[in-house]
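A note on names: the letters A, B, ... follow the listed sequences, proteins ahead of strands, and every chain is numbered from 1.
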Protein chains: 2
Amino acid sequence: MDSIDQTIIEKLSRDSRTHCTEIASELGVATSTVHKRVNQLYNDGVIEQFTIILDPKKTGMPLTTFIGINVDENYKAEIIAKLKSLKNVLEVYEILQPYDIFIKVRTSDMSELKDSVLRVLDNTDGVISSSSIITTIRHKERTCVLGDQ
Amino acid sequence: MDSIDQTIIEKLSRDSRTHCTEIASELGVATSTVHKRVNQLYNDGVIEQFTIILDPKKTGMPLTTFIGINVDENYKAEIIAKLKSLKNVLEVYEILQPYDIFIKVRTSDMSELKDSVLRVLDNTDGVISSSSIITTIRHKERTCVLGDQ
DNA sequence: TTTGAAATCCGAGGGAA
DNA sequence: TTCCCTCGGATTTCAAA
């Protein structure tokens, strides 16, 4: 993870379609060097995924909900596994307080939120309680911290 | 947004480096058709960004924190604008309850969290209170809902 | 709008320094 | 590791349907 890797990550974060040739010419190194670095970063798991960010409204998934979940410690692992497998659950974290698990969910509407996640929580052993934070407006959504602006 | 667009989005979500030729051959349409569709989706803002997902630990940004913020309604717009401009603030939402604004922050450690965000909140007019949810383990992080698993 | 072909450009790999 | 070189393949454009 030297400055070359840093620059590659920076460029790909902003636009993952950026050509190796472009990055290489800015860095003053060979295209094949950048190419191999990118592959290395991917194989090392530094870059987990090349993906896109969609406009949730324009793709029919406008409802973003964060949910804090209190669970029985003995069931935590399997609850997390189940949550991870749900397609509407985009993110799953363990936290310290005031819940045990915290997730981010994206659905088309409130009824899909209920059907795909809330009902599942209700019917899962070890779930003690859950508390939903329903978002109304999405002002910013990025995947990683970028240098400068 | 017909089935061709759906397939393109699906493919690019999983791997944004997928070649137009590959998508085209699976769909049974011309490469140039896929190419134009992708550009259209981007120009229409359906695809907001081509990006990468990084492993926060391996890139030195292991601390993910969610923060709920209560604000004076008169200051809300400018507070949101300020939060959006902070590089460590990855996501900004307005919500209904129990706060007004909800953000996701990624930092290298607790001290950067304080310096880059918490201190800013303290020194910003209109911020009434904030409550941080500190994550310990990241189990899943995706940008969009995908069909099937 | 989609297509198909043409021309340019890029990616992927091997060998040398 | 990085660089240079080359081939196979992808991107991009454009005229035509």
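- The nearest whole Å value for the distance from the CD1 atom in B:I4 to the P atom in C:dT2 is 6 Å.
- Under a 4.0 Å N-O distance rule, the pair A:D125/A:K82 does not qualify as a salt bridge.
- If you check C:dT3, D:dC3, D:dT12 against the side chain of B:T31, the one that comes closest is D:dT12.
- The closest donor-acceptor contact from the side chain of B:T136 to the backbone of A:E94 lies under 3.5 Å.
- Distance B:R17 CZ to D:dG9 C1': 16 Å, rounded to the nearest Å.
- Counting non-hydrogen atoms of neighbouring residues, nucleotides and ligands closer than 6.0 angstrom, the NZ atom of A:K11 reaches no more than 12 such neighbours.
- Comparing B:R37 and B:H19 by the nucleotide of DNA chain C whose heavy atom lies nearest to each, the residue mapping closer to the 5' end is B:R37.
- Position along DNA chain D of the nearest nucleotide to B:N39 versus A:K36 favours A:K36 as the more 5'-ward residue.
- Side-chain N/O atoms of B:H35 include none lying less than 4.0 angstrom from OP1 or OP2 on D:dT11.
- Put simply, CD1 on A:I8 is 12 Å from P on C:dG11, counting in whole angstrom units.
- Distance B:L12 CG to D:dT11 C1': 14 Å, rounded to the nearest Å.
- Taking atom CD1 of residue A:I23 and atom P of nucleotide D:dT2, one finds them 14 Å apart after rounding to whole Å.
- A straight line from CD of B:Q40 to P of C:dT1 spans 7 Å, rounded to a whole angstrom.
- Spacing between atom CD of B:E22 and atom P of C:dC10 amounts to 21 Å, rounded to whole angstrom units.
- Side-chain to base pairing of B:S32 with D:dC14: no donor and acceptor N or O lie closer than 3.5 Å to each other.
- Under a 4.0 Å N-O distance rule, the pair A:E10/A:R14 qualifies as a salt bridge.
- Taking atom OH of residue B:Y42 and atom P of nucleotide D:dT12, one finds them 13 Å apart after rounding to whole Å.
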